[in-house]
Amino acid sequence: MAFRKLEPDPRKREGDVLALWAERDVFRRSVEERRGGPRYVFYEGPPTANGRPHIGHLLARLQKDLFPRYKTMRGCCVPRKAGWDCHGLPVELEVEKELGISTKAEIERYGVEAFVERCKASVRRYIGAWEDMIRRLGFWIDLEHPYVTLSDDYIETLWWELKEIHRRGLLYPGHKILPYCPRCGTSLSSHEVAQGYDRVADPSVYLRMPLADDPGVSLLVWTTTPWTLPANVALAVHPREVYAEVALDGERLVLARDRVEAVLGGRGNVLREFPGSDLLGKGYLPLYPLAQGGRAYTVVGAEFVSMEEGTGIVHIAPAFGEEDHELGKAVGLPLLQPVDRSGRFTDAFPLARGEFVKDADPKIIADLRDRGRLFRAETVEHDYPFCWRCDTPLLYYAMESWFIATTQAKEEILAEAETIAWYPEHVGSGRFGDFLASMRDWALSRDRYWGTPLPVWTCGRCGALEVVGSRGELVERAVDPDLARTVELHRPYIDRVELRCPCGGTMRRLPYVLDTWFDSGSMHTAQWHYPFENVDEFRASYPADFISEGLDQTRGWFYTLLVTGVLLHGKAPYRNVLVTGMGLDAQGQKMSKSRGNVLDPMPIVEEHGADAVRWYLASESAPWNERRYSAEGARQARFGFLETVRNCHDFFALYAGIDGFTPETPVPEPPARPALDRWLLSRLGAAVGEATAALEGYDPFRATRAIAAFVDDLSNWYIRLSRPRFWGEGLPEDKRAAYGTLYEALRTLALLLAPFTPFLAEALWLSLRREGDLDSVHLAPWPEPFPQDRALEEQMHRVREVASLALGARNLAKVKVRQPLPSLHVLRRPGDEAVPEELWDLVKAEVNVREVVLVDDLAPFRSPKVSPEFRVLGPRHGPRAPRIGAALARMDPAAVAAALARDGRVPIPGEGVELASDEVKVTWEPKAGFSLVEEREGAVALDLRIDDELRAEGDLRELVHRLQLLRKEAGFEVTDRIALGYAGDLGELFHRFGDRIRDEVLAVELLPGSLDGADHGAELEVHGRSGRVWLKRVGR
RNA sequence: GGGUCUGUAGCUCAGGUGGUUAGAGCGCACGCCUGAUAAGCGUGAGGUCCCUGGUUCGACUCCAGGCAGGCCCA
């Protein structure tokens, strides 16, 4: 097994790994080979198959891959069943767009059967796109055996669930005010409405409602939905609040006392005040007298009337508001419905017949103005719900719908919700908790075509209801059992199945389909076709240990999963939820298909590789933070991190290949290795420990930080300083220690990276694995944490800082590192004595000095300069300041500085004053021949005095450097042996340092004069000596 | 209007039980190094830590109020 350099092109490298995974069946084995281990249950939140994946989907998808991979390496068995959410309005909408139609009438005309078939085709197409993305990014999930919500088996389980819920008395038909999309022609559930609020400008109008028995007095009413005014049948006041009659510009207006200031802005005179109850029962002149009799057009009392907005007098339209509807039922108001199912006014309201209600607002306002009923009209900005899929403004409508009585199980659901661990925690306690607290019954039915059919049949004769819980029951009760046995459980096919009623009548199915969130929310059970099949599988996989989706699923899947889980199985269906932040575009706008600002990840993956995208997503920020996406992030992950890892490996592979090092080569035990090696192992131990702890706490970002810090240490310190250890011949003990350390570091790094960048990790593993190791890193066990040597890490930290200061000192003095210098003086710090000589030796090599000396005083290397601080001196000493300054300048600066340091002041001879430290500015300058750096991190003085010997050494290094460059220019391998010819003044250096030059540049011959058949040659100039050299490859 | 999260360098983001001079990466400038080489290192410039008020010896951090953005609710 030879180490070999990794494929540098990420696309090719990852392609090879994908092929290898397929060939060796690695994913399946990673599950099957863990069958004996503890089960770690993961649930896939099914993507809706109505659009292509975008980069915002990747963040949650990454978590859903990363944690199962990690847990697998920890020894758990983690089956991962893929799933696809196939039903619902989103899919219908896609097909409508394809067909260029937009109403239910058009669908009926096109034919429901053909329409449904197109829905299936659309779903298949998008599933294909998702599968491609999932495979390419190395997201391991069983795509061969997914749960598919459109399958008859899946539907059958949903029917069983509904029957169970019905048996508990929690499924019921109701007539309620529901948010309704006039374009889609169906009501929506509260979690669907929650998806679609948007800020809009709506009219805000105040209207006069003259009293029937005293038309000189008008009740003042406020609304933001003028289109609901034709359906007005009453006004509501709060019986216990105080109302006021106000005279204004010759008219008399009634409104709540607390609203007078806000509405009239201080104009008008309050004539009298009275309780709201005084108004009850009074009649008023309707705006549009469409209703007759009863208590129409009178004032009623209601507790919900608010003193926070409006006028304290509320317009009541029972057809269009939930509270209005309840109130109407309670006090017996007529229900006016002048709007049809498509959101257009009917003949009942001729003024705007056939117009979409929201479009009719201006016409209604104009009409009321003409008739003197309009008091004021303005515009307000507020949030209004829109259909989450087609962006049509929702209307609140009195509708028939089927409900699940979730509120009946509220206590149980809340109690179970307490058992769930949320990451980050606040989502569970705040957002999710709030939503549960305001729970409403689940409006389950939809008036649509493509979905799970509601399994409820009714008898045309006696009106009996039957909830069917399985295909078996269907066959048993069907008029045509053969049809029932084979029929597809979708509309329109299922609608052809009629049942026999005990009364002798025929039962037909109610034409509803289910809220698609019921489909996905039931996957815990329906993915197994439980209870008809796979009973053991179901039991072993409920509840899930881990789910992860975007924050927007709080009211979506997280909610419906919980509700169905608790109702059916009495237990929360998941234990840990990792919530990912929403994806924003580079401008900070939410990425969404409708805004057209989605970023397609695939071109980025093609350019930089899946690992780069994965590492970018994982290492940028905590997963729950929202984030702005850009291709630049993936580029940085690639060149800033992945390429460094590859480089480290390739460095190792290059030299291990040259020396014939293998994993079986004996290496010294770690305690017997140099401090540099022991330091790296300690740092490795830290990385393993931190990454493990972070992943156990569902914080992958922290894990990436620990790993990235380790890679930085590995590349920029360990390998950089260790390079000379690899250059000599053979395999002496120190070299074997270096190989052993570097090998262990890279091998462990491959394991740590496996969940994050599975392709690069695999490529590393394949190069590095030992005889007998598993044939994939993803089958290998996660590294065990091991102890650190914290003292050594601190000492290394100290010497790295010293080296950095010393390089800074070189920089200041403009002396190249190649030029050796005699000494580096380091201002001693506590603990420096304990730093082993070995570490100071690293500093010597890094800084290229002959010795490192600890000193207690910088005095030998610097001298003070003192100058008067006139800004302080002036105000204190007035006209004497210049003379004091001059006197100070004549004094010995060292003495002044010493006095100030000792006493905090210094007497000025002849002036009779003492100057305080703030009156004298002391600056330090290095003495001649030294370069000085003082920072918070420490202080060093670099001795710059170069003697002839050092100078010559510098020249040698310069020459060697040039020769190495020439070797490279000539295209030689690092192991090639060469012959060297030289001419000119340079010859002196060759004569003086012949042996060392031979060793450094692998020259077997050094010959004065030109070289026959040379591969390369050049003019060189080193420190005033010029000449020419020739290089020729003679062997390897 | 309410809840919640976020606001720190040009960009993407860390951070701190309240304590000298607030960090990283990228980008920029200058320099270095190069037997890992389409790499690597150092130095520098760049910050009212969103604003206001409070608590405190001391606030970027805690508290209150506000502003801006995201998500959610009404």
Side-chain angles (χ1 to χ4, degrees), chain A residues 5 8 190-191 193-197 306 308-309 380 382-385 424 426-435 437-438 550-556 579 581-584 586-591 616 619-622 624-630 632-633 635-637 639-641 643-644 646-655 658 701-702 704-705 708-709 712 715-717 719-724 726-728 803-812 814-819 846-848 933 935-937 957 960-961 963-965 967-968 972-976 999-1002:
Chain A
K5 291 194 174 190
S190 57
H191 42 262
V193 177
Q195 312 276 322
Y197 275 85
S306 163
E308 303 295 316
E309 60 175 16
V380 288
H382 64 160
D383 290 319
Y384 193 86
H426 64 80
V427 176
S429 54
R431 177 179 296 233
F432 195 65
D434 291 351
F435 189 57
S438 63
L551 182 62
D552 53 344
Q553 293 302 322
T554 311
R555 265 75 177 191
V579 183
M582 302 312 295
L584 310 178
Q587 280 70 47
Q589 291 291 306
K590 180 182 177 175
M591 250 183 221
Y616 161 49
S619 68
E620 190 192 26
S621 180
W624 40 81
N625 288 344
E626 66 191 12
R627 49 185 76 194
R628 303 177 177 201
Y629 290 110
S630 66
E632 176 59 20
R635 203 196 70 84
Q636 284 179 19
F639 291 108
F641 180 75
E643 288 293 84
T644 304
R646 183 175 68 82
N647 236 341
C648 288
H649 169 269
D650 288 355
F651 173 87
F652 169 79
L654 174 66
Y655 286 100
I658 292 169
F701 171 65
R702 243 180 64 220
T704 63
R705 296 211 122 207
D712 188 63
S715 170
N716 293 335
W717 195 246
I719 291 183
R720 192 150 67 93
L721 295 198
S722 292
R723 280 178 304 179
F726 296 98
W727 293 343
S804 168
L805 292 165
L807 289 170
R810 271 191 176 273
N811 224 355
L812 271 180
K814 302 250 183 278
V815 180
K816 292 181 170 189
V817 177
R818 221 174 288 132
Q819 173 61 56
E846 176 69 4
V847 183
N848 195 16
V933 169
E935 303 272 341
R936 194 173 18 158
E937 292 79 15
R957 301 234 345 211
V960 168
H961 166 59
L963 293 173
Q964 303 288 23
L965 285 182
R967 278 184 60 112
K968 183 167 171 53
F972 298 163
E973 296 291 323
V974 294
T975 49
D976 286 342
D999 283 356
E1000 295 274 2
V1001 304
L1002 300 183

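Below, chain A is the first sequence line, B the second, and so on; all start at residue 1.
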message: Please classify the nucleic acid contact of A:A622 as base, sugar-phosphate, or nothing, using heavy-atom distances under 4.0 Å.
response: sugar-phosphate

query: Which part of the nucleic acid does A:I719 contact within heavy-atom distance under 4.0 Å: base, sugar-phosphate only, or nothing?
result: base

query: Atom CH2 of A:W624 to atom C1' of B:A14: distance rounded to whole Å?
result: 14 Å

task: Determine the Euclidean distance between corresponding C1' atoms of B:C26 and B:A9; express it in Å to zero decimal places.
output: 12 Å

Paired nucleotide for B:C26 [Watson-Crick or G-U wobble; both distances under 3.5 Å]: B:G10

- prompt: Roughly how many Å is it from CD in A:E620 to P in B:U12, rounded to a whole number?
  reply: 9 Å

query: If you measure from the P atom in B:G27 to the same atom in B:G42, how many Å do you get, rounded?
result: 15 Å

- prompt: Of the nucleotides B:C71, B:C13, B:C33, which has the atom closest to the A:K816 side chain?
  reply: B:C33

query: Looking at CD of A:Q964 and CD of A:E1000, how far apart are the two atoms once the value is rounded to the nearest 0.5 Å?
result: 7.0 Å

- prompt: In whole Å, what is the span from the CD atom of A:E846 to the P atom of B:G42?
  reply: 9 Å

- prompt: RNA chain B: A:N716 or A:D999, which has the more 5' nearest nucleotide?
  reply: A:D999

task: Could you tell me the separation between the CZ atom of A:R720 and the P atom of B:C41, rounded to a whole number of Å?
output: 7 Å

Please list, pair by pair, any protein nitrogen or oxygen found under 3.5 Å from a nitrogen or oxygen in nucleotides 43-46 of chain B.
residue	atom	partner	partner atom	Å
B:U43	OP1	A:S804	OG	3.0

Polar atoms only, N or O, under 3.5 Å: list the protein pairs with nucleotides 24-29 of chain B and their distances.
residue	atom	partner	partner atom	Å
B:C26	O2'	A:Q636	NE2	2.9

query: Contact class for A:R967 vs. all strands (heavy atom < 4.0 Å): base, sugar-phosphate, or nothing?
result: nothing

message: On the nucleotide B:A36, are OP1 or OP2 found under 4.0 Å from the side-chain N or O atoms that A:R723 carries?
response: yes

- prompt: Using the P atom in both, what is the distance from B:G2 to B:U61, to the nearest Å?
  reply: 23 Å

field: Distance, rounded to the nearest Å, where A:E643 contributes CD and B:G40 contributes P
entry: 9 Å

- prompt: B:C33 and B:C41: how far apart are their C1' atoms, nearest whole angstrom?
  reply: 7 Å

- request: Side chain of A:L1002 only, please: which of B:G35, B:C13, B:C33 is the nearest?
  value: B:G35

- line: The nucleotide from B:A14, B:C33, B:A36 with an atom nearest the side chain of A:V817 is B:C33

A:N647, nearest nucleotide to its side chain (from B:A39, B:C13, B:G35): B:A39

Candidate nucleotides B:A14, B:U12, B:A36, ranked by approach to the side chain of A:W727 - the nearest: B:A36

With A:R646 via side chain to side chain contact (heavy atoms under 4.5 Å, CB included) - residues at least two apart: A:L6, A:P8, A:R13, A:E643, A:D650

- request: For A:W717 and B:C41, give me the distance from atom CH2 to atom P, rounded to whole Å.
  value: 12 Å

- request: Taking atom P in both B:G18 and B:C57, compute the distance separating them and give it to the nearest angstrom.
  value: 16 Å

task: Determine the interatomic distance between C1' on B:U8 and the same-named atom on B:C49; round to the nearest Å.
output: 4 Å

Per A:N625 side chain, nearest of listed nucleotides B:C13, B:G40, B:A14: B:A14

C1' gap between B:A59 and B:U48, integer Å: 14 Å

query: Within the modelled atom types, does a donor on one side and an acceptor on the other bring the side chain of A:S715 and the base of B:A36 under 3.5 Å apart?
result: yes

- prompt: Distance between the P atoms of B:U17 and B:C63, in whole angstroms?
  reply: 14 Å

